[in-house]
Amino acid sequence: LAGRFKIVKVDARGKEYDLDEDDDISIVNMAPSSLFRLVTLKLNNVVVNDTGTFCQYLKDAIEKSLSNNQSIKRNKLKYTELYVEDRSGEEDINTKTGASAQSGYVIRRNFIKDSREIDFQSELAIDLLHCKTYLLPGIQLSLKCVRNDDEMTLLGPKMDAKAKVD
């Protein structure tokens, strides 16, 4: 799944603004996976994956965490999934106050500063998509993605922002 997203702050009236240096907002590890709570895969209009639970983002995160070694996480996942390993003792930091410049919170915050648009590429934890054989000609494949709540993607002391996905 490929796309683009950006984080913007939202005032009480719903007006959107770009983030600035004073905003204390960051994103979770593997943020692109957290954007969607459900992804439905259809072949010829028949659902072929589990849609009974609304936790696609958890499946994606667990599969990527357990299936990839540290080298893959530091290289490939850093650029496709915005993965940054949290330093020991800084896993629970959800604010820039007291965080070191090397903390995952601060590094991921720098990814989104000034509301820059972020291109992402995410492998979905759907078994059929990992199949190495080709589909037969004429098979129509479609994906339907249902957005997750922004609280699953954002970190910070105030949740006055939202993720916009293109």
Side-chain angles (χ1 to χ4, degrees), residues 1-8 19 24-43 47-96 98-135 139 141-156 161-166:
L1 181 64
R4 176 178 291 155
F5 77 97
K6 74 178 188 172
I7 308 299
V8 296
L19 297 175
D24 194 1
I25 297 169
S26 187
I27 53 176
V28 298
N29 242 340
M30 296 185 273
S33 292
S34 73
L35 293 170
F36 305 103
R37 64 184 167 132
L38 177 66
V39 178
T40 303
L41 173 65
K42 290 183 181 181
L43 296 179
V47 176
V48 294
N49 67 316
D50 175 26
T51 58
T53 59
F54 290 96
C55 58
Q56 181 69 39
Y57 58 98
L58 291 175
K59 290 180 189 177
D60 288 347
I62 290 168
E63 182 175 297
K64 289 168 188 153
S65 293
L66 298 177
S67 300
N68 293 299
N69 63 34
Q70 289 300 337
S71 176
I72 297 286
K73 289 177 184 177
R74 278 191 295 264
N75 295 301
K76 178 185 173 193
L77 291 183
K78 179 178 181 180
Y79 299 105
T80 61
E81 291 281 342
L82 307 176
Y83 175 84
V84 176
E85 186 172 359
D86 288 302
R87 295 172 47 174
S88 180
E90 295 184 339
E91 301 92 348
D92 295 327
I93 292 178
N94 291 330
T95 178
K96 66 181 179 181
S100 71
Q102 292 81 31
S103 74
Y105 181 89
V106 171
I107 293 170
R108 290 188 299 270
R109 182 176 175 267
N110 289 332
F111 287 152
I112 63 166
K113 77 178 186 183
D114 302 325
S115 293
R116 78 173 54 127
E117 290 187 336
I118 299 172
D119 293 316
F120 68 88
Q121 190 175 14
S122 181
E123 294 179 17
L124 299 171
I126 298 175
D127 292 337
L128 185 69
L129 297 179
H130 297 281
C131 185
K132 302 225 185 282
T133 59
Y134 296 110
L135 290 176
I139 300 290
L141 182 138
S142 64
L143 286 173
K144 178 183 176 188
C145 300
V146 178
R147 277 277 281 122
N148 213 344
D149 295 332
D150 289 323
E151 290 81 20
M152 298 305 296
T153 303
L154 303 176
L155 293 173
K162 72 177 188 177
K164 293 181 68 171
V165 181
D166 290 335

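Keep in mind that the numbers below use all heavy atoms, side chains included, and drop hydrogens, waters and symmetry copies. Owing to the predicted nature of the structure, the values given are computational and were not obtained by experimental measurement.
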[atom2] on [Y] to [atom1] on [X], rounded to 0.5 Å:
{"X": "S33", "Y": "I62", "atom1": "OG", "atom2": "CD1", "value": "11.5 Å"}
{"X": "N29", "Y": "K64", "atom1": "CG", "atom2": "NZ", "value": "11.5 Å"}
{"X": "K162", "Y": "K6", "atom1": "NZ", "atom2": "NZ", "value": "10.5 Å"}
{"X": "H130", "Y": "L124", "atom1": "NE2", "atom2": "CG", "value": "7.5 Å"}

*Can you establish whether the number of heavy atoms outside N75 located under 6.0 Å from its atom CG is more than 12?*
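Correct, the count exceeds 12.
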
*Is the number of heavy atoms from other residues, nucleotides or ligands within 6.0 Å of CD (Q121) greater than 12?*
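Counting neighbours around CD of Q121, 12 or fewer heavy atoms of other residues, nucleotides or ligands fall under 6.0 Å, so no.
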
Test item: [X] and [Y] side chains (from C-beta on) under 4.5 Å apart, heavy atoms:
{"X": "M152", "Y": "V28", "result": "no"}
{"X": "K76", "Y": "N68", "result": "no"}
{"X": "L82", "Y": "I112", "result": "no"}
{"X": "I139", "Y": "Y134", "result": "no"}
{"X": "E123", "Y": "E63", "result": "no"}

_Verdict with reasoning, L154 to I25, per side-chain contact (heavy atoms from CB on, under 4.5 Å)_ = CA-CA 7 Å; L154 303 176; I25 297 169; 4.3 Å; yes

*Would you say N49's side chain and L41's backbone share a donor-acceptor pair under 3.5 angstrom?*
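Present.
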
*Counting N and O atoms only, with roles assigned by atom type, does the side chain of S115 sit under 3.5 Å from a partner on the main chain of L19, one being a donor and the other an acceptor?*
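Checked: pair present.
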
*Mind checking what makes side chain to side chain contact (heavy atoms under 4.5 Å, CB included) contact with V165, not counting sequence neighbours?*
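By the side chain to side chain contact (heavy atoms under 4.5 Å, CB included) rule, V165 matches F5, L35, F36, R147.
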
Which heavy-atom pair separates [X] from [Y] by the least distance, and what is that distance?
{"X": "Y105", "Y": "D24", "answer": "OH-OD1, 2.7 Å"}
{"X": "D119", "Y": "R4", "answer": "OD1-NE, 2.8 Å"}
{"X": "Y83", "Y": "M30", "answer": "CD1-CG, 4.1 Å"}
{"X": "E117", "Y": "D166", "answer": "OE2-OD2, 4.0 Å"}
{"X": "A31", "Y": "S34", "answer": "O-OG, 2.7 Å"}

*Just jot down the side-chain hydrogen bond (donor to acceptor under 3.5 Å, both in side chains) partners of R116, sequence neighbours excluded, or say none.*
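Residues passing side-chain hydrogen bond (donor to acceptor under 3.5 Å, both in side chains) with R116: none at all.
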
*Which residues pass the salt bridge (Lys or Arg N to Asp or Glu O under 4.0 Å) test with K164, sequence neighbours left out?*
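In terms of salt bridge (Lys or Arg N to Asp or Glu O under 4.0 Å), with neighbours along the sequence ignored, K164 is linked to E16.
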
